[in-house]
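Contents: one structure, followed by commentary.
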Amino acid sequence: DKLSQQSKLEFENLVEETSHFVRTTFVSRHKKFDEFFRELLENAEKSLNDMFVRTYGMLYMQNSEVFQDLFAELKRYYTGGNVNLEEMLNDFWARLLERMFQLINPQYHFSEDYLECVSKYTDQLKPFGDVP
């Protein structure tokens, strides 16, 4: 029993020593990747916002929450939140289409049901012509 316990202890110590370098390397690289990826998300959001403000001005600013929500959901997805990425992106495009449809047709007032129907049947209706 004593030999078994000593062998087990020595083996665990050897495994601990050997794996320590791999663990610390993995942890430090994970931390650097995490910092880099978060910075990319922040820069992408800021760049998109700056470009759209310059390009579309007040029109974009009045509708910017669509994009802010997108980036909030992307950050939540990255941090392990309960987010279905495909569903979230589909929702983003549907909301964006609804907004664009309203902005392109300001002479009309559309109900929420109507806009939902438009986004549901976008492929068939082609509300923006040949523009996908």
Side-chain angles (χ1 to χ4, degrees):
D1 281 347
K2 195 173 186 180
L3 180 61
S4 173
Q5 288 174 354
Q6 185 173 350
S7 295
K8 181 181 176 188
L9 185 61
E10 286 179 12
F11 178 75
E12 287 173 352
N13 286 339
L14 283 170
V15 168
E16 175 67 28
E17 285 176 26
T18 307
S19 65
H20 179 73
F21 174 74
V22 173
R23 264 197 331 255
T24 55
T25 301
F26 180 76
V27 166
S28 77
R29 291 199 177 162
H30 174 267
K31 183 180 176 192
K32 286 195 182 301
F33 174 83
D34 184 59
E35 290 169 359
F36 178 71
F37 194 82
R38 288 174 189 268
E39 186 179 327
L40 283 177
L41 270 174
E42 292 295 324
N43 288 343
E45 182 176 14
K46 185 179 179 326
S47 294
L48 182 127
N49 188 59
D50 291 347
M51 180 192 63
F52 278 10
V53 165
R54 278 192 316 273
T55 306
Y56 301 107
M58 283 303 293
L59 189 61
Y60 167 72
M61 292 168 62
Q62 292 167 345
N63 296 283
S64 65
E65 77 275 357
V66 174
F67 296 94
Q68 291 168 350
D69 292 347
L70 169 68
F71 280 98
E73 287 296 299
L74 287 172
K75 290 171 189 171
R76 211 164 64 94
Y77 172 77
Y78 177 69
T79 59
N82 188 19
V83 176
N84 179 319
L85 188 59
E86 184 176 354
E87 187 177 301
M88 182 264 300
L89 289 172
N90 287 337
D91 288 347
F92 165 74
W93 290 115
R95 284 183 64 203
L96 186 59
L97 169 69
E98 291 172 10
R99 291 289 174 96
M100 292 300 298
F101 193 75
Q102 287 174 306
L103 292 171
I104 289 174
N105 299 292
Q107 68 274 26
Y108 303 108
H109 176 71
F110 302 105
S111 70
E112 289 298 317
D113 290 340
Y114 185 90
L115 290 171
E116 188 177 318
C117 184
V118 166
S119 65
K120 188 175 182 180
Y121 293 101
T122 301
D123 292 338
Q124 293 94 346
L125 294 174
K126 295 187 179 194
F128 304 111
D130 291 336
V131 178

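As the structure is a prediction and not an experimental result, all values here were calculated from the model.
- Residues Phe11 make up the rest of the hydrophobic cluster containing Val15, defined by ILVMFWY side-chain heavy atoms closer than 4.5 Å, directly or through other members.
- Legend: residues meeting side chain to side chain contact (heavy atoms under 4.5 Å, CB included) with Phe33, ordered by chain and number and at least two apart, are Phe37, Tyr78.
- Judged by distance alone, the side chain of Ser64 and the main-chain N or O of Met61 form a donor-acceptor pair under 3.5 Å.
- Here the straight-line distance linking atom CG of Leu70 with atom CD of Gln68 works out to 10.5 Å at 0.5 Å rounding.
- Aromatic ring pairs are classed by plane angle as parallel below 30°, tilted from 30° to 60° and perpendicular above 60°; the pair Phe67 and Tyr60 is tilted.
- Partners of Ser111 by side chain to side chain contact (heavy atoms under 4.5 Å, CB included), not counting sequence neighbours, listed by chain and number: Asp113, Tyr114.
- Residue pairs that meet the salt bridge (charged side-chain N to carboxylate O under 4.0 Å, His left out) test with at least one member in residues 54-64, sequence neighbours left out, do not exist here.
- Among residues two or more places apart in sequence or in another chain, the side chain to side chain donor-acceptor pair (under 3.5 Å) test is passed with Tyr77 by none.
- Checked against side chain to side chain contact (heavy atoms under 4.5 Å, CB included), Tyr108 has the following partners two or more places apart in sequence or in another chain: Asn105, Phe110.
- The line from CE of Met100 to CH2 of Trp93 is 10.5 Å long, rounded to the nearest 0.5 Å.
- With sequence neighbours excluded, the residues forming a side chain to side chain contact (heavy atoms under 4.5 Å, CB included) with Thr24 are His20, listed by chain and number.
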Check residues 84-92 and write down every donor-acceptor pair under 3.5 Å in which the side-chain atom is one partner and the other belongs to a residue at least two apart or another chain.
from	atom 1	to	atom 2	distance (Å)
Asn84	OD1	Glu86	N	3.1
Asn84	OD1	Glu87	N	3.0
Asn90	ND2	Glu86	O	3.3

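- When side chains are defined from C-beta on, Phe101 counts as touching Leu115, because their heavy atoms get closer than 4.5 Å.
- Phe26 and Phe21 are assigned to two separate hydrophobic clusters, defined by single-linkage of ILVMFWY side chains at heavy-atom distances under 4.5 Å.
- In this structure, the side chains of Asn63 and Leu103 come closer than 4.5 Å at one or more pairs of heavy atoms.
- Pairs engaging residues 95-104 under the salt bridge (charged side-chain N to carboxylate O under 4.0 Å, His left out) rule: Glu65-Arg99, Asp69-Arg95 [sequence neighbours left out].
- Rounding to the nearest 0.5 Å gives a distance of 6.0 Å between CG of Leu74 and CG of Leu41.
- Residue pairs meeting the salt bridge (charged side-chain N to carboxylate O under 4.0 Å, His left out) criterion with at least one member in residues 6-22, sequence neighbours excluded: Glu16-Arg23.
- For Asp50, the side chain to side chain donor-acceptor pair (under 3.5 Å) test picks out Lys46, with sequence neighbours left out.
- Annotation for Leu97 and Val118: closest pair CD2-O, 4.1 Å, computed over non-hydrogen atoms.
- Residues satisfying the salt bridge (charged side-chain N to carboxylate O under 4.0 Å, His left out) test with Glu42, not counting sequence neighbours, are Lys75.
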